[in-house]
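Values in this document were obtained by computation on a predicted structure and should not be read as measured data. Whatever order the structure lists them in is the order used to number ligands and atoms, beginning at 1.
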Amino acid sequence: MALEKLSQSVVSVGVQDWHRRLFDELIPLPEGTSYNAYFIKGSNATALIDTVDPSKDKELLDNLDKLGITKLDYVVANHAEQDHSGVIPLVLKSYPEARVVTNAKCKSMLQQLLLIPEDRFMVISDGETISLGNLTLEFYDMPWVHWPETMVTFLREDRILFSCDFFGSHLASSSLFEEVNETVISSAKRYFAEIMMPFSSTIRNHLKKVEELSPALIAPSHGPIHQDPSVIVSQYKAWTSSSKKPYVIIPFVSMHGSTRAMVDHLVAVLTERKIRVKPYDLTVTDIGELAIDLVDSAVLILGVPTVLGGPHPVALNAAAIVNALRPTIPFVGLIGSFGWGGNTEKVISESLKSLKSELLETVLISGYPDEADLEKLNKLADLIASKVKQIQ
Ligand code: FEO
C-alpha cells in the first residue's frame, strides 16, 4: 500500500490484509483488516510504533526501506499480541541499534511470545516520556484494551494518539484517511463488540484519559485513522453505556423444524406486539452480526434444541461466545424442543453464568409445538413486551 503521511514527521508504514477472512481462527473478517504501523522521524531520533502481522513481515521491511531508513532508535510496542508485535524480532535484526520501548508487563509477554532478549528492551512507566529531539512520545498504560499489558502512545507536538487495538476496526481500505461512513462505523462497532465489549467498564475510564489528551488524530493499529476523534469517542461512550434499545434477538438452531417453529411463532407474536425482533439461524449467521446486536439489545432469547441429551453444540458454542463477550443485556431467556429429556436448561444456564441478566421463563417443549406450547410462547411474548417497555 502507498505510504501515507499523518504529519510532517509521521508516516504510515503498515499493511492492508484484504483477503484475510478469520482472526484468532474465530472472528469473521468480512472486510479484511489492516495492521497499521507508524514511523516517526524526530530531529535526534526515530521511532516505529508497533509492527505488523508476521504474515506481512516483508511488506513492513520494504516500506521502511522505501523511506530510506538506515537507523531506527526505538520500536514502541503498545501491545504484545502477535498481529502487532510479531515482526519486532525481524526489525531488531535489521536495525541492530533499535530498542523495544514498552511497559514491564508487555516486556514480559514479548519475552515469552517472541523470545526477545532482555538487553533489547527499554522499559517505561505510565506517564513517562521519550524525546526524539523536536518531538516527544508520551506513554500511558491502558490495560484491558484488550489484554492486561496494553498501552497507548501520544505524540505530544502533533497530538496524535497511537491507540493500537483501542478504537480499531477490521477494515482493509486503500487509504487510512477514509471519510466517516456507515461501513467505517459498523466495522468499528463490530470490532468493539468482538474484542472490547467484555471490558466496557474499564474502557469508560480510559475514554476520560483520551478526552484529557484531546488528540487531533487517533491512529489505531487496525482500520482507518479517526480524523475527528470526537466521533469515535462518542460512539465508544454509547457502546460502553448500560442504556439499551427495545430490541429482541433470537439466535437459534433447529434440526427438524420444531425449534424453528417456536422461534417463528415467537417472532410473529412479538411483531404483533410491535416489538422489534431479529432471529438468527446460527448455522448460517456470521457470529460478528450477533456480537454487534449484543452491544445494545435489551433481550436475548436462545433457541436451543436438545441433541444426545444436551444442548445442540452449535447453540452451546453461541452461548459460550455470548458468555465470553459479557454483554450487559438486561433480559435473557431460553426456548427449544427436545425428544425425550436431557439437561439443556442446566447446561445453557451454566454456560451463561458471567451474564448479570434477569432470566425469563424457559419454554422447553417435547417435540413439535402444539396449541398449549404456542400459548406458553404467547405468555413469554407478553413477558418480553412488559420487560422491553421498562427500558423504553
Ligand atoms: Fe490487533 Fe490484540 O491485536
Side-chain angles (χ1 to χ4, degrees), residues 1 12-38 48-57 59-60 75-91 100-103 105-114 116 139-153 161-173 176 184 187-200 202-203 206 210 218-226 232 236 239-240 287-288 291 321 324-326:
M1 119 176 219
S12 146
V13 290
V15 179
Q16 302 296 310
D17 198 344
W18 295 94
H19 308 297
R20 187 166 180 178
R21 285 294 174 265
L22 204 56
F23 198 87
D24 288 345
E25 305 307 324
L26 175 69
I27 297 170
L29 304 178
E31 306 280 352
T33 190
S34 67
Y35 318 107
N36 305 339
Y38 305 94
L48 176 66
I49 308 288
D50 293 314
T51 68
V52 301
D53 189 84
S55 61
K56 300 288 183 185
D57 53 1
E59 285 95 324
L60 173 66
V75 184
V76 175
N78 282 320
H79 177 28
E81 193 167 8
Q82 292 92 327
D83 54 323
H84 309 293
S85 68
V87 187
I88 291 177
L90 265 182
V91 170
V100 180
V101 177
T102 195
N103 62 36
K105 195 178 284 265
C106 189
K107 174 196 163 194
S108 162
M109 294 176 87
L110 288 172
Q111 287 183 302
Q112 287 168 20
L113 294 170
L114 299 168
I116 298 172
F139 305 102
Y140 298 101
D141 290 341
M142 290 210 181
W144 297 111
V145 289
H146 60 123
W147 280 14
E149 88 302 2
T150 44
M151 63 178 217
V152 299
T153 301
L161 182 68
F162 300 99
S163 59
C164 203
D165 281 343
F166 196 14
F167 304 117
S169 49
H170 286 309
L171 175 62
S173 61
L176 289 183
V184 166
S187 296
K189 186 173 185 183
R190 174 185 275 261
Y191 189 90
F192 169 83
E194 293 167 336
I195 313 278
M196 300 291 171
M197 185 158 58
F199 313 107
S200 290
T202 305
I203 288 173
H206 292 333
V210 170
I218 293 179
S221 291
H222 295 290
I225 285 168
H226 301 289
I232 191 68
Y236 261 67
W239 298 336
T240 56
I287 205 74
I321 289 171
L325 294 177
R326 302 206 298 272

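Considering every non-hydrogen atom in both I232 and A188, the closest pair reads CD1-CB, 3.9 Å.
To the nearest 0.5 Å, the span separating NE2 on H79 from SG on C106 amounts to 8.5 Å.
Taking the ring-ring contact (aromatic ring centres under 6.0 Å, His included) definition, one finds that W239 meets it with F192, Y236, sequence neighbours left out. When the salt bridge (Lys or Arg N to Asp or Glu O under 4.0 Å) test is applied to K107, the partners found at least two apart in sequence or on another chain are E118.
Counting only protein N, O or S atoms closer than 2.8 Å to atom 2 (Fe) of ligand 1 gives 4.
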Output a table of donor-acceptor pairs, distance under 3.5 Å, between side-chain atoms of residues 26-37 and any protein atom two or more places apart or on a different chain; print 'none' if there are none.
residue : atom : partner : partner atom : Å
T33     : OG1  : H170    : ND1          : 2.6
T33     : OG1  : H222    : ND1          : 3.4
S34     : OG   : N36     : OD1          : 2.9
S34     : OG   : G223    : N            : 2.8
Y35     : OH   : D17     : OD2          : 2.6
Y35     : OH   : R20     : NH1          : 2.9
N36     : ND2  : Y38     : OH           : 3.4
N36     : ND2  : P220    : O            : 2.9
N36     : ND2  : G223    : O            : 2.8

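Panel note: side chain T150, backbone M142; a donor-acceptor pair is recorded below 3.5 Å.
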